[in-house]
Amino acid sequence: MKERNKAVPAVYLILEKDGKILFGTRQNTGYMDGKSQVPAGHVELGEMPTEALVREAKEEVGIDIDRNALEFVHLSYRPKHDVTGDRVDIFFRVHAWKGKVTNMEPEKCSELSWVDPHELPENTVPHVKEAINCIYGKGVPFRELDGSWLKKNGVPISA
């Protein structure tokens with residue numbers, strides 16, 4: 001039987017407040033350190049994407065979000081950039097949460113900041129920047145980022 005694709009799902013939280021979205025700067029992760037992006041994480045085995053996002057929001061920025069308040073806004077697909085496989089990136093937006101936004105992982109995130117989605121930091125993780133541009137600029141709900149796109153945007157790809 002032909003082996004099937006085992007793409008890795010990841011979830012991304014677009015936390016909106018006063019027309020801005022929350023960004024963190026990555027550090028000590030081994031992937032895109034020094035670059036900024038929205039809170040995110042992998043969907044664990046047996047977990048639904050919205051459950052993963054609720055968990056990641058609590059772990060990374062110390063807030064509680066209601067799964068039912070999440071608004072799906074974008075899906076992107078990327079070929080593998082390491083041995084773990086292709087990626088399915090699912091972006092959700094939320095406007096309301098409980099708790100104070102706090103950097104709960106200072107060992108992995110050097111700082112949090114609120115940014116205008118139309119004026120993203122120069123150091124934004126490339127696929128996250130593309131997704132935010134699709135959401136806020138183009139109204140595009142789905143995007144395939146092939147190998148040539150990744151190379152053009154400085155993302156190393158494994159064979």
Side-chain angles (χ1 to χ4, degrees), residues 7-78 81 84 86-146 149-150 153-155:
V8 177
V11 289
Y12 296 77
L13 178 61
I14 298 177
L15 202 60
E16 278 190 346
K17 181 176 93 171
D18 301 326
K20 296 191 175 186
I21 58 177
L22 184 68
F23 262 63
T25 303
R26 300 175 64 86
Q27 69 176 5
N28 303 319
T29 67
Y31 178 72
M32 296 279 171
D33 289 333
K35 300 227 180 251
S36 294
Q37 72 169 47
V38 297
H42 294 107
V43 178
E44 302 296 335
L45 190 61
E47 193 174 46
M48 297 302 286
T50 55
E51 291 172 323
L53 199 55
V54 168
R55 176 182 51 76
E56 291 289 349
K58 188 68 168 178
E59 290 174 3
E60 292 189 14
V61 294
I63 60 170
D64 294 308
I65 56 177
D66 180 351
R67 285 174 62 186
N68 296 318
L70 292 171
E71 172 193 5
F72 167 78
V73 290
H74 187 75
L75 181 88
S76 61
Y77 192 93
R78 300 177 281 142
H81 62 272
T84 60
D86 291 1
R87 302 292 171 148
V88 176
D89 300 318
I90 311 165
F91 290 79
F92 292 94
R93 178 170 40 207
V94 70
H95 302 278
W97 58 89
K98 292 180 183 172
K100 181 181 177 197
V101 173
T102 305
N103 185 358
M104 302 299 290
E105 297 181 323
E107 69 284 355
K108 293 181 182 179
C109 176
S110 63
E111 67 176 328
L112 294 176
S113 59
W114 293 94
V115 303
D116 184 320
H118 302 286
E119 298 174 11
L120 298 178
E122 286 293 322
N123 67 338
T124 301
V125 171
H127 72 275
V128 173
K129 183 176 188 174
E130 180 65 17
I132 291 172
N133 288 336
C134 284
I135 296 162
Y136 288 91
K138 305 172 190 171
V140 176
F142 176 70
R143 180 88 160 84
E144 291 178 344
L145 307 174
D146 63 16
W149 186 95
L150 295 175
N153 287 278
V155 180

Step-by-step side-chain contact (heavy atoms from CB on, under 4.5 Å) determination, Asp86 to Val8: CA-CA 6 Å; Asp86 291 1; Val8 177; over 6 Å; no

Please set out all donor-acceptor pairs under 3.5 angstrom arising from side-chain atoms of residues 91-101, sequence neighbours excluded.
{"from": "Arg93", "atom 1": "NE", "to": "Glu71", "atom 2": "OE1", "distance (Å)": "3.1"}
{"from": "Arg93", "atom 1": "NH2", "to": "Glu71", "atom 2": "OE2", "distance (Å)": "3.2"}
{"from": "His95", "atom 1": "ND1", "to": "Glu16", "atom 2": "OE1", "distance (Å)": "2.9"}

Would you say that [X] contacts [Y] through its side chain, given a criterion of any heavy-atom pair below 4.5 Å between the two side chains?
{"X": "Ile135", "Y": "Val140", "result": "no"}
{"X": "Met32", "Y": "Val155", "result": "yes"}
{"X": "Phe23", "Y": "Val125", "result": "no"}
{"X": "Lys35", "Y": "Thr124", "result": "no"}
{"X": "His74", "Y": "Tyr12", "result": "no"}
{"X": "Val38", "Y": "Leu13", "result": "no"}
{"X": "Tyr77", "Y": "Asp146", "result": "no"}

Partner set under side chain to side chain donor-acceptor pair (under 3.5 Å) for [X], not counting sequence neighbours:
{"X": "Asn123", "result": "Ser36"}
{"X": "Thr29", "result": "Arg26, Asp33"}
{"X": "Glu111", "result": "none"}
{"X": "Asn28", "result": "none"}

By salt bridge (charged side-chain N to carboxylate O under 4.0 Å, His left out), which residues pair with [X], not counting sequence neighbours?
{"X": "Asp64", "value": "Lys58"}
{"X": "Glu130", "value": "Lys138, Arg143"}
{"X": "Glu59", "value": "Arg55"}

field: Main-chain N/O of Met48 paired to Glu51 side chain as donor or acceptor, under 3.5 Å
entry: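 Indeed, once roles are kept as given, a pair shorter than 3.5 Å links the two residues.
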
For Asp116, side-chain contact (heavy atoms from CB on, under 4.5 Å) partners two or more places apart: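 In terms of side-chain contact (heavy atoms from CB on, under 4.5 Å), with neighbours along the sequence ignored, Asp116 is linked to His118, Glu119.
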
Between [atom1] of [X] and [atom2] of [Y], what distance do you get to the nearest 0.5 Å?
{"X": "Gln37", "Y": "His127", "atom1": "CD", "atom2": "NE2", "answer": "6.0 Å"}
{"X": "Lys20", "Y": "Ser113", "atom1": "NZ", "atom2": "OG", "answer": "9.5 Å"}
{"X": "Asn103", "Y": "Leu112", "atom1": "CG", "atom2": "CG", "answer": "4.5 Å"}
{"X": "Ile132", "Y": "Leu120", "atom1": "CD1", "atom2": "CG", "answer": "5.0 Å"}
{"X": "Glu56", "Y": "Ile63", "atom1": "CD", "atom2": "CD1", "answer": "12.0 Å"}

Listed pairs under 3.5 Å, donor-acceptor, residues 39-46 side chains, sequence neighbours left out:
{"from": "His42", "atom 1": "NE2", "to": "Arg87", "atom 2": "NH1", "distance (Å)": "2.8"}

- prompt: Stepwise, does the side-chain contact (heavy atoms from CB on, under 4.5 Å) test hold for Asp18 with Trp114?
  reply: CA-CA 9 Å; Asp18 301 326; Trp114 293 94; over 6 Å; no

- prompt: Does a sphere of radius 6.0 Å around CD in Glu107 hold more than 12 heavy atoms from other residues, nucleotides or ligands, not counting ones at 6.0 Å or beyond?
  reply: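 Yes - once you tally the heavy atoms of other residues, nucleotides and ligands closer than 6.0 Å, there are more than 12.
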
- prompt: Is a salt bridge present between Arg78 and Asp89, judged by a nitrogen-to-oxygen distance below 4.0 Å?
  reply: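 Looking at Asp89 together with Arg78, the answer is yes, because their closest N to O distance falls below 4.0 Å.
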
- prompt: By ring-ring contact (aromatic ring centres under 6.0 Å, His included), which residues pair with Tyr31, not counting sequence neighbours?
  reply: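 If we apply the ring-ring contact (aromatic ring centres under 6.0 Å, His included) test to Tyr31, skipping adjacent residues, the hits are His81.
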
